[in-house]
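Here the structure comes first, spelled out in structure tokens, and everything after it is commentary.
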Amino acid sequence: MIDTLKQHLAEVEAFSSTSKDEIEAFRIKYLGKKGLLNSFFAEFKNVPNGQKKEFGQAINQLKTSANEKVNTLKQAVENQSETQGKYGDLTRPGEPIEIGARHPISIVKNRIINIFSRIGFNVSEGPEIEDDWHNFTALNLPEYHPARDMQDTFFIQTDPDILLRTHTSSVQVRYMENNRPPIRTISPGRVYRNEAISARSHCFFHQVEGLYVDKDVSFADLKQTLQYFTSEMFGKSKIRLRPSYFPFTEPSAEVDVYWGLETETDYKMTKGTGWLEIMGCGMVDPNVLQNCGIDPEVYSGFAFGMGIDRIALLLHQIPDIRLLSENDIRFLDQFKSSL
Ligand code: DAH
């Protein structure tokens, strides 16, 4: 009997495995309910008194050894699966990486850039902190010109010459100062106005300015370009130009696109008229060309300016302009599938 126990002890000590199943089978064989150890313990009462001490010690030793063996082998298997290979356990479920969404302002801006780049317009930019010359004076808005009141300006307190640009028309001036015709450029960017914040207006928003200067540029070229734009952008090519006033263009016009009145939303968007105002435009005032060092006797041009936020609100049916700058993930997430 003692010999059998000693044999098992040797077997336990020699046992080794990296397979969970094998280790479990080993545990059941020795330590399970109907395992060898329990049967040895049951045998104990039949052992002659003289041998009980030796027998008892041998069983206990076997039990301790078997327990230790199972624990160390199990631990080794677990550690191994964690450190397996350079990347750990490749069979573990992955942690998905959240895909970001483009901001609706970027979506609309990129579409506008794309449409104009197809007809030869490049993209230009200018500073958001601007001087009086580029934002006003060069654009035919001299000091005390009443039209300056059209735009509530944020001035830098210590220097009335420095301000936050109120429109991207300032980039027109910078571009003409630094480039000779033919000029075909669009200038997207952020602009600022000291306005009360509401669902409809914000103290900062985004515009795209367009400028085309060359010999013999006419109002017909402007109209054709705008028609191309609205049909590419909105799928609508019926437009109308209403006479308007901007100091930097002469003549000036407001552009409406015919949206239609097919759905209830169309009614809401167009206030029941079917027409949607989308931008201002006109022929660049000769004074502006002159201010930028371009001879108005030789060159003429057209310009236009539109609000990106407004178009984004319209296209995506966003009810409140403030959503565009609040960085609420629940809102931004909805643009995941957009371009
Ligand atoms: N700068 C004007 C605004 O902020 C928009 C604009 C109108 C730009 C007519 C132009 C233009 O270039 O020709 O309201």
Side-chain angles (χ1 to χ4, degrees), residues 109 112 116 121-128 130 132-142 145-154 163-177 183-195 200-214 217-227 229-230 239-257 276-289 291-292 294 296 299-311 321:
K109 182 182 83 176
I112 297 172
F116 281 104
F121 281 71
N122 66 7
V123 177
S124 51
E125 282 180 345
E128 290 179 20
E130 204 31 294
D132 184 282
W133 169 258
H134 292 96
N135 197 78
F136 290 128
T137 308
L139 286 163
N140 217 17
L141 273 146
H145 192 292
R148 282 195 181 202
D149 291 347
M150 279 161 70
Q151 303 174 352
D152 298 306
T153 310
F154 283 119
L163 46 90
L164 294 177
R165 68 179 177 193
T166 58
H167 51 185
T168 43
S169 302
S170 57
V171 190
Q172 269 192 37
V173 178
R174 289 188 175 271
Y175 199 85
M176 283 192 276
E177 282 173 344
I183 288 170
R184 275 186 234 108
T185 190
I186 52 166
S187 323
R190 181 175 289 173
V191 301
Y192 300 83
R193 288 189 200 174
N194 189 3
E195 278 182 32
R200 294 270 122 227
S201 67
H202 212 299
C203 60
F204 63 82
F205 50 99
H206 303 76
Q207 290 187 332
V208 175
E209 187 79 10
L211 176 69
Y212 185 12
V213 182
D214 203 351
V217 176
S218 70
F219 203 86
D221 296 321
L222 168 61
K223 211 172 154 186
Q224 197 61 44
T225 307
L226 296 178
Q227 207 163 31
F229 170 72
T230 57
I239 58 170
R240 74 177 178 197
L241 280 81
R242 279 179 292 112
S244 185
Y245 171 77
F246 298 102
F248 28 90
T249 43
E250 182 58 37
S252 305
E254 215 92 52
V255 184
D256 297 343
V257 57
L276 209 56
E277 184 188 318
I278 52 157
M279 66 170 106
C281 69
M283 301 305 292
V284 181
D285 194 293
N287 287 339
V288 176
L289 294 175
N291 287 339
C292 302
I294 291 175
Y299 295 104
S300 57
F302 65 71
F304 54 86
M306 64 186 122
I308 302 179
D309 307 59
R310 208 178 111 70
I311 296 176
I321 194 171

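The first residue of the sequence shown is numbered 1, and numbering continues consecutively from there. As the structure lists them, so they are numbered: ligands from 1, and atoms in each ligand from 1.
- With a 4.0 Å cut-off on non-hydrogen atoms, Arg193 touches ligand 1 through its side chain and not its backbone.
- Considering backbone and side-chain N/O atoms, Phe246 never comes within less than 3.5 Å of an N/O atom of ligand 1.
- Against a heavy-atom cut-off of under 4.0 Å, Gln172 is close to the following atoms of ligand 1: 12 (O).
- Residue contacts with ligand 1: Met279 is excluded, as none of its non-hydrogen atoms falls under 4.0 Å.
- Each of the atoms 1 (N), 8 (C) of ligand 1 lies under 4.0 Å from some heavy atom of Ser169.
- In this structure, the ring of Phe302 has its center no less than 6.0 angstrom from the ring center of Phe219.
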Q.
I'd like to know whether Asn194 forms a side-chain hydrogen bond (donor to acceptor under 3.5 Å, both in side chains) with Thr153, so could you lay out the CA-CA distance, the side-chain angles of the two residues, the decisive distance to 0.1 Å, and finally the verdict.
A. CA-CA 6 Å; Asn194 189 3; Thr153 310; over 6 Å; no
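- The side chain to side chain donor-acceptor pair (under 3.5 Å) test with Gln172 is passed by exactly one of Glu177, His134, Glu209: Glu209.
- Against a heavy-atom cut-off of under 4.0 Å, Gly305 is close to the following atoms of ligand 1: 6 (C), 8 (C), 10 (C), 12 (O).
- By the criterion of a heavy-atom distance under 4.0 Å, the side chain of Gln207, and not its backbone, is placed next to ligand 1.
- Every atom of ligand 1 with a heavy atom of Ala303 under 4.0 Å away is listed here by number and element: 12 (O), 13 (O).
- For Phe248 and His167, the ring centers are positioned less than 6.0 Å apart.
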Q.
Please evaluate residues Arg310 and Glu277 with respect to the criterion salt bridge (Lys or Arg N to Asp or Glu O under 4.0 Å), reporting the C-alpha separation (whole Å), side-chain torsions for both, the decisive distance (0.1 Å), and the verdict.
A. CA-CA 10 Å; Arg310 208 178 111 70; Glu277 184 188 318; 5.9 Å; no
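- Classification of Asp152 and Arg193 as a salt-bridged pair fails, no side-chain N sitting under 4.0 Å from a carboxylate O.
- Using cut-offs of 30° and 60° for the angle between ring planes, the Phe204 and His206 rings count as perpendicular.
- Within the 4.5 Å cutoff, no side-chain heavy atoms of Glu130 are placed close to those of Leu164.
- Neither the backbone nor the side chain of Phe302 has any atom closer than 4.0 Å to an atom of ligand 1 (non-hydrogen atoms only).
- Ligand 1 places these atoms under 4.0 Å from at least one heavy atom of Thr249: 13 (O).
- Annotation: Glu209 places an N or O atom under 3.5 Å from an N or O atom of ligand 1; distance criterion only.
- Atom 2 (C) of ligand 1 has its closest protein heavy atom at Phe248 CZ, 3.9 Å.
- In summary, the atoms of ligand 1 found under 4.0 Å from a heavy atom of Gly282, numbered by their order in the structure, are 13 (O).
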Q: For salt bridge (Lys or Arg N to Asp or Glu O under 4.0 Å), just list the numbers for Glu254 and Arg240, CA-CA rounded to whole Å, side-chain angles, deciding distance to a tenth of an Å, and then say yes or no.
A: CA-CA 8 Å; Glu254 215 92 52; Arg240 74 177 178 197; over 6 Å; no
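- In the candidate list Gly280, Gly210, Gly307, Gly280 is nearest to atom 9 (C) of ligand 1, counting heavy atoms.
- Within ligand 1, counting atoms from 1 as listed, the ones closer than 4.0 Å to a heavy atom of Cys281 are 9 (C), 11 (C), 13 (O).
- Between Phe304 and Phe116, the distance separating the two ring centers is shorter than 6.0 angstrom.
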